[in-house]
Peer 1: 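One structure, as structure tokens, below. Some questions next.
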There are 2 protein chains.
Amino acid sequence: MKIDKLSFVDRAAAQLRNEIVHGRLLPAERLTEIVLSERLGTGRGTVRAALSILESEDLIVRQPYSGWSVRDVSEKELWETYTLRGALEGLAARLVAAAVDETIEAGITAAFERLQSAQSGKDGAERVDADLNFHRTIVNLAGHASLTRQYFGLSNKVEWLYRWSETHWPSRIDLTSWHRPIVEAILARDPFAAERAVQVHGEASLADDLRDFSELRRQSA
Amino acid sequence: MKIDKLSFVDRAAAQLRNEIVHGRLLPAERLTEIVLSERLGTGRGTVRAALSILESEDLIVRQPYSGWSVRDVSEKELWETYTLRGALEGLAARLVAAAVDETIEAGITAAFERLQSAQSGKDGAERVDADLNFHRTIVNLAGHASLTRQYFGLSNKVEWLYRWSETHWPSRIDLTSWHRPIVEAILARDPFAAERAVQVHGEASLADDLRDFSELRRQSA
DNA sequence: CGATTATCGATTGTCGACAATCGATTATTA
DNA sequence: TAATAATCGATTGTCGACAATCGATAATCG
């Protein structure tokens, strides 16, 4: 019988990824292999391999012979992440809209309904989860393995930035109205409109986050 | 003084990447760490880290406790790679077209002129290089670090598939006419048209490669 | 005193040894 | 004999030790 438990490396990577994305490891925070090795109870080589994975996901940065650190947050980082997401998710939306069937319809509808519930509820964390889930759902329904793979890393960055901004400046955007155009375009089987809706959504999200961020900058300055 | 020579890991990764992209390591070929370790004259841990990098670039595949192998070529692989390239390069073209200045104009023009020279020349390898260079130039001019990074890995896959098809079925497409619409849209500072031109080009390239590939399949069957 | 060089502690880079797992082959047994 | 279990060689997974490099600080020298 084949056992498919995760390797130590994958588990270490998952834990560190989680800590970064949820802000328990702060932006620009220094990461030393031996310290992490002791904290995670695993060898340094293992930690090193895990850090290498997170580097390939662009969550951390390495300076040779000097050290690793969590990426820093900046306006440019926000802009790059959101524009990139627009491009990948735009492709996904186009593909999904061109291949709507029962499965896709059910998946999109369920994700959108979850958004609506979260919108009326008071749970801030669930709002964030539902939002991220909606976008990931679209990508996963596109039937494009490489895209799903690429998007995985990017969506972690999005989640990281999203939670960061949410922690410091909780947003009150209307999840339902912000996402409805995407749902409608997909269900209308209009690839071009779906791609466009995703891009518009991305630009609006970016503007929203950028406003929060510069406000935050102003306060701490 | 700071020495910035590449680490053993990076050098090993570069060499293996090169061998895969140029087809010296065949699609689906099995890679064993100890063998590579002896061939590259470096430790197994180093090779392992290099393989891990190549895996994150989607050039090779790992099966836990079983081994590594070069990715296999398939219609789906071709479709995914080219559609993904279209999305990323589309974003790049849009950004470039929206920010045309002397530098961009010079860069695009130079890349296009190289294409034209290669077109009239007889050197098949130079045709491929010039083509790949043109696309990479657009992305590099977009001023988008994350995009450049993501595109790096993807462009290696494109190069790999391109050379694979070129080896087995040299193409005689007209490089100049295939790329001129992109150049014109960018120089006309029309972001929308530039993105569209890139997508159209991508679809045509895909169709071209797919035709070669199925022909190859037919022959070996 | 200012600039260059040597030293030192801390951290990463590299390697080989040992353990865990896999897949195939052989042995066992109902 | 066919199905199941034990064995074995090959390969990957994990770890700790040692070497290389960095940045800062102290020492040297004009």
Peer 1: Determine which nucleotide pairs with dA3(C), using a 3.5 Å limit on both distances of a Watson-Crick or G-U wobble pair.
Peer 2: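 Partner of dA3(C): dT28(D).
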Peer 1: What do you reckon, are the aromatic ring centroids of Trp79(A) and His144(B) less than 6.0 Å apart?
Peer 2: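 Between His144(B) and Trp79(A), which both carry aromatic rings, the centre distance is below 6.0 Å.
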Peer 1: Indicate whether the side chain of Trp68(B) and that of Gln63(B) have a donor and an acceptor atom separated by less than 3.5 Å.
Peer 2: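 Per modelled atom types, Trp68(B) and Gln63(B) side chains form no pair under 3.5 Å.
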Peer 1: Please state how far atom CG in Leu6(A) lies from atom P in dA20(C), giving the value in whole angstrom units.
Peer 2: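 So the CG-P distance, Leu6(A) to dA20(C), works out to 18 Å.
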Peer 1: Check this one for me: any side-chain N or O of Lys5(B) less than 4.0 Å away from OP1 or OP2 of dT21(D)?
Peer 2: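 For dT21(D), OP1 or OP2 has a side-chain N or O of Lys5(B) closer than 4.0 Å.
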Peer 1: Taking atom types as modelled, is there a side-chain donor on Gln15(A) or Arg39(A) under 3.5 Å from an acceptor on the other?
Peer 2: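 There is no such pair between these side chains.
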Peer 1: Nearest-Å distance, CG (Leu36(A)) to P (dC15(D))?
Peer 2: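 Atom-to-atom, Leu36(A) to dC15(D), this comes out as 14 Å.
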Peer 1: I'd like to know if Arg163(B) pairs up with Asp129(B) as an ion pair, taking the criterion as any Lys NZ or Arg NE/NH1/NH2 lying under 4.0 Å from an Asp or Glu carboxylate oxygen.
Peer 2: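 Yes, this pair counts.
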Peer 1: Within the 3.5 Å criterion, strictly below it, is a donor on Asp209(B) or Tyr82(B) matched to an acceptor on the partner's side chain?
Peer 2: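 The answer is yes; a qualifying pair exists.
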Peer 1: Less than 6.0 Å separating the ring centroids of Phe134(A) and His179(A)?
Peer 2: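 Judged by ring-centre distance (under 6.0 Å), Phe134(A) and His179(A) do meet the cut-off.
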Peer 1: Where along nucleotides 7-13 of chain D does protein come under 4.0 Å, by heavy atom, of base (B) or sugar-phosphate alone (S), with - for untouched nucleotides?
Peer 2: -----BB
